[in-house]
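To start, the structure itself, in structure tokens.
Naming: A, B, ... by sequence-line order, numbering from 1 per chain.
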Amino acid sequence: EAGVTQFPSHSVIEKGQTVTLRCDPISGHDNLYWYRRVMGKEIKFLLHFVKESKQDESGMPNNRFLAERTGGTYSTLKVQPAELEDSGVYFCASSLLDRGRYNEQFFGPGTRLTVL
Amino acid sequence: QQQVKQSPQSLIVQKGGIPIINCAYENTAFDYFPWYQQFPGKGPALLIAIRPDVSEKKEGRFTISFNKSAKQFSLHIMDSQPGDSATYFCAVWGSNYKLTFGKGTLLTVNP
């Protein structure tokens with residue numbers, strides 16, 4: 001069974017440009033999460049989808065970040081316009097939906113974003 | 001405010017040594033404590049996890065020790081191998097359905 005996939009693996013853009021990251025979760029996983037790790041810091045939660053609905057977007061840094069999950073399948077995270085501090089590795093994770101208990105979150109390999 | 005404090009930041013041991021990584025948390029509402037292992041170019045992968053109703057959990061060479069009253073938990077790797085060289089993250093999970101991670105520990109096991 002395929003794991004969580006992310007595209008692209010690397011992206012180098014200039015400040016002010018737009019970048020869109022894509023995540024394909026494991027089939028059947030209704031929970032989808034986005035996390036970000038800035039160099040040397042912790043992996044920080046950005047937002048959580050349950051199917052196509054945003055369950056929690058409390059970790060989104062500001063309104064330059066827009067996440068969508070079309071039809072409850074793949075998700076995109078758009079950064080527009082990108083700033084230097086947006087550089088980092090963006091991870092996507094997915095898990096089964098079972099309210100009230102922890103289900104293992106499976107992580108993708110991440111997208112390394114560099115804003116120059 | 002960092003909710004999970006992880007130490008050390010990096011750790012170097014010889015093959016066969018027993019590296020220990022520590023984490024402390026603040027919020028008592030958490031009820032699941034996983035450790036993730038990450039190799040270069042890969043995403044974090046669940047290694048071992050513990051619930052707060054037990055004080056220790058062992059899976060192969062990996063052991064979690066949990067101290068609920070001190071709000072601390074640690075990862076021990078017995079008979080460490082060069083293949084264990086990776087970044088290790090502790091995390092906490094609660095009813096808000098999201099993982100909160102520590103900053104990570106870069107472990108190097110020398111041959």
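Open room surrounds NZ on A:Lys15; 12 or fewer heavy atoms of other groups in view lie less than 6.0 Å from it. Around the OH atom of B:Tyr32, the shell of radius 6.0 Å holds more than 12 heavy atoms that belong to other residues, nucleotides or ligands. Atom CD of A:Glu85 has more than 12 neighbouring heavy atoms from other residues, nucleotides or ligands inside a 6.0 Å radius. Within a 6.0 Å radius of CD in A:Glu68, no more than 12 heavy atoms belonging to other residues, nucleotides or ligands are found.
A:Ser58 touches chain B through its side chain: at least one heavy atom from C-beta onward sits under 4.5 Å away, while N, CA, C and O do not.
A:Lys44 pairs by the side-chain hydrogen bond (donor to acceptor under 3.5 Å, both in side chains) definition with nothing, not counting sequence neighbours.
A:Tyr35 approaches B:Leu99 most closely through the heavy-atom pair OH-N, 3.3 Å. Heavy-atom minimum distance, B:Lys103 versus A:Arg37: O-NH2, 2.9 Å. Pairing each heavy atom of B:Lys98 with each of A:Tyr33, the nearest pair is CA-CE2, 4.4 Å.
Rounded to the nearest 0.5 angstrom, B:Trp93 CH2 and A:Asn103 CG are separated by 8.0 Å.
By a heavy-atom distance cut of under 4.5 Å, not one residue of residues 54-76 of chain B is near chain A. Using a 4.5 Å heavy-atom cut-off against chain A, the contacting residues of residues 34-52 of chain B are B:Tyr36, B:Gln38, B:Gly41, B:Lys42, B:Gly43, B:Pro44, B:Leu46, B:Arg51. Using a 4.5 Å heavy-atom cut-off against chain B, the contacting residues of residues 104-116 of chain A are A:Glu104, A:Gln105, A:Phe107, A:Gly108, A:Pro109.
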**OP:** Apply side-chain contact (heavy atoms from CB on, under 4.5 Å) to the pair B:Thr100 and A:Phe45, showing each step before the final yes or no.
**Re:** CA-CA 7 Å; B:Thr100 301; A:Phe45 167 85; over 6 Å; no

